[in-house]
Amino acid sequence: MLKRVKFAFFLDLKSAYKTLLRNKIRSLLTILGIIIGVGSVIATVSIGQGASEAIQSTINSMGSNMLIILPGSSSLGGVHTGFGILPTLTLDDAYAIRKLPAVKTDSGNLGMAQQVIWRGNNWSTLIMGASSTFPEIRDWPVAKGTFFDHQQVVSAANVAVIGNTAATELFGLINPIGHIILIHNVPFTVIGILSVKGFNAFGQDQDDTVVIPITTMLEKIAGTTWVHAIAVSAKSKEDTVIAQSEITALLRQRHHIPLHKPNDFFVRNLTEIAQAANSSANTFTILLASIAAVSLLVGGIGIMNIMLVSVTERTKEIGIRLAVGAKKKDILKQFLIESSVLSLFGGILGIAAGIGISNSISAFSPLKTIVTTEPIIISLVFSLCVGIFFGFYPAFKASRMNPVEALRYE
Amino acid sequence: MNTDRDIRISAPLIRLENIGMIYKIGDISYEALKGINLIVENGEFVSVMGASGSGKSTLMNILGCLDRPTAGKYFLEGRDVSNLTSDELAEIRNKKIGFVFQGFNLIQRLSIVENVGLPLYYSGMHSKEATEMAMDALKLVDLADTENKFPNQISGGEQQRVAIARAVVNNAPIIMADEPTGNLDSVRGADVMRFFKKINEERGATIILVSHDKNIANYGKRLITVKDGAIISSTVIETKNVV
Ligand SMILES: Nc1ncnc2c1ncn2[C@@H]1O[C@H](COP(=O)(O)OP(=O)(O)OP(=O)(O)O)[C@@H](O)[C@H]1O
Ligand SMILES: [Mg+2]
């Protein structure tokens with residue numbers, strides 16, 4: 001019995017393959033639907049996976065267990081109406097937060113775009129005022145030189161640590177450490193270069209920046225005591241929630257907010273936000289992939305159509321096979337194998353197309369794509385199922401033929 | 001007229017009882033066979049003659065288990081096969097009957113050796129064994145060198161002989177041949193007939209053959225004449241008639 005299965009299967013496979021090659025153009029047109037379907041499933045899923053990965057790496061690049069406190073009122077329908085518009089957060093708030101039990105470190109932040117000048121070169125970049133804890137909170141160590149220490153923050157020293165892109169733009173191949181740059185006409189000594197961080201999920205070059213002490217920023221550049229944001233690193237993942245309520249309570253107290261009044265700040269748990277973004281990216285991927293899957297079904301109908309034609313064309317062959325002793329199931333199997341080979345072939349070409357599309361998206365657009373084995377296997381199984389499902393009716397029709405009538409068919 | 005000449009204890013190979021066949025085309029029905037009674041013993045060589053349209057092929061299709069009669073009973077080796085399912089009939093065709101069709105009926109997309117081996121494939125034989133047996137059958141009809149060609153690459157007469165090789169490949173006890181020499185010249189025709197005679201005598205295969213040609217029919221041992229869907233005579237062929 002096993003022998004029979006093995007051999008008949010081999011023969012059918014060979015015959016299916018030959019039939020496919022016999023009508024190359026027709027076969028190709030038939031499986032075009034499958035190719036497009038599988039190709040777009042693979043491509044969309046790879047974009048989705050790439051997005052998830054980008055979000056994940058953004059989470060990591062933000063530093064672990066990070067909370068961010070922004071000024072503003074949640075009474076405005078919960079919508080934050082613009083960074084730094086409402087002056088409510090101060091550097092002292094940041095220092096107070098640092099003392100909370102669930103908080104590891106904090107960094108008051110103020111960022112603004114400014115021209116930076118070194119000798120004849122000038123470059124417009126993001127100037128960030130930060131605390132000495134910046135490398136730790138952002139998980140972003142210096143590559144060369146040193147970061148400024150707490151003492152330099154307290155004394156509002158004119159020191160700067162520059163990102164890789166800003167360094168290249170201003171200094172080219174020259175080592176910037178020890179050189180004096182001008183920001184807003186204030187001279188700063190470059191003491192370090194940050195390690196390369198790359199682009200974030202929003203396509204921003206994170207290395208295009210200059211970091212100076214927050215105090216220097218407030219006093220000498222911005223001329224204000226208000227900070228744009230306070231970044232906080234909680235002690236652990238679990239502590240982020242505790243830290244969130246501790247910070248809220250502390251700031252309400254420091255800002256003298258009566259019980260019935262809303263907060264004049266937001267505490268955002270960035271990990272949670274990123275996770276939410278991640279899951280909505282996943283939902284989007286699933287949605288796109290299911291739309292693409294519909295074209296697989298359309299491809300299946302194409303296969304059914306061509307199999308019906310093939311069965312009719314080969315009526316005489318079916319008659320001969322029946323006459324020499326083929327049973328219904330032999331004929332059924334033969335045509336099912338043929339439609340499966342057809343759709344599986346479409347699936348394979350579709351996967352190749354999908355990988356190609358995904359790679360060119362990676363190469364020619366800022367979107368990152370990742371092809372994993374999972375959608376490939378699912379696509380293969382799915383296209384096989386499409387072949388069997390849509391090939392069944394034509395194969396069934398073939399197997400029900402009367403041998404004499406089939407033999408008379410011309 | 002009636003062919004059951006004698007009564008036996010053991011069942012004859014083939015016994016037809018009042019077989020009728022009515023073809024329906026829309027509202028019109030055509031009675032192609034009318035009350036056929038026939039007994040064929042094991043090892044017989046029966047020739048069937050009759051005018052075109054007299055019902056010879058129809059009769060052969062029923063005898064070959066390709067079609068079911070619309071009336072009467074067909075006993076093959078004592079077993080009533082007139083009401084078997086299509087798969088049961090396929091099994092009988094595969095094991096017991098080798099059929100040479102009026103047309104060549106070769107599958108174009110299969111090679112010669114694959115065509116010949118087809119009945120073996122459906123009997124579940126292993127590839128290598130089937131190919132060997134198919135080659136042996138091809139040698140019998142003197143066409144071993146065409147094994148890897150395709151039907152459209154050989155002549156009509158060669159195709160006919162390939163069809164004969166396919167009919168004998170499974171060593172079927174019954175060979176049905178509908179005009180097997182229709183596409184052959186008289187020399188090749190005589191070759192084929194000697195071949196049938198040989199497998200009749202050496203293998204003891206029962207042969208039922210349809211021919212228009214009296215000379216061909218005379219290779220048989222018994223001649224059945226069909227007219228308007230009925231058997232009108234059954235006579236023993238004298239050996240001296242053989243050319
Ligand atoms: N499938 C069919 N449907 C309708 N009529 C049929 C069918 N098959 C055969 N017939 C009719 O039955 C009659 C007998 O046909 P059959 O093929 O048996 O003749 P035959 O004796 O083999 O003729 P020939 O010598 O030309 O091959 C013919 O009149 C034919 O038209
Ligand atoms: Mg005929």
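Convention: sequence-line order gives letters A, B, ...; per-chain numbering from 1.
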Which atom names give the shortest non-hydrogen contact between Gly325(A) and Asn94(B), and what distance separates them?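 Gly325(A) and Asn94(B) have their closest heavy atoms at CA-CB, 3.6 Å.
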
Give the minimum heavy-atom separation between Ala90(B) and Ala326(A), together with the two atoms involved.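 Answer, listing the atom of Ala90(B) first, then Ala326(A): CB-O, 3.5 Å.
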
Report, as yes or no, whether the 6.0 Å neighbourhood of atom [atom1] on [X] holds more than 12 heavy atoms from other residues, nucleotides or ligands.
{"X": "Arg188(B)", "atom1": "CZ", "result": "no"}
{"X": "Phe284(A)", "atom1": "CZ", "result": "no"}
{"X": "Ile25(A)", "atom1": "CD1", "result": "no"}

Under 3.5 Å, which donor-acceptor pairs do the side chains of residues 380-397 of chain A form with other protein atoms, sequence neighbours left out?
unit_1    : atom_1 : unit_2    : atom_2 : d
Ser383(A) : OG     : Ser379(A) : O      : 2.9
Ser383(A) : OG     : Leu380(A) : O      : 3.1

Side chain, backbone, both or neither: which part of Arg321(A) has a non-hydrogen atom closer than 4.5 Å to chain B?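 Looking at Arg321(A), backbone and side chain both touch chain B.
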
Proximity breakdown for Lys316(A) and chain B, heavy-atom pairs closer than 4.5 Å: side chain

Side-chain touch [X]/[Y], heavy atoms, less than 4.5 angstrom:
{"X": "Glu317(A)", "Y": "Leu110(B)", "answer": "no"}
{"X": "Val324(A)", "Y": "Phe99(B)", "answer": "no"}
{"X": "Ile320(A)", "Y": "Arg166(B)", "answer": "yes"}
{"X": "Lys327(A)", "Y": "Tyr122(B)", "answer": "no"}

Residues of residues 68-89 of chain B with any heavy atom under 4.5 Å of a heavy atom in chain A: Ser86(B), Asp87(B)

Which bit of Asn105(B) comes within less than 4.5 Å of chain A, counting heavy atoms only: side chain, backbone, both or neither?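 For Asn105(B), the contact with chain A is made by backbone and side chain together.
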
In Å and rounded to the nearest 0.5 Å, what is the CG to CG distance from Leu66(B) to Asn402(A)? 8.5 Å

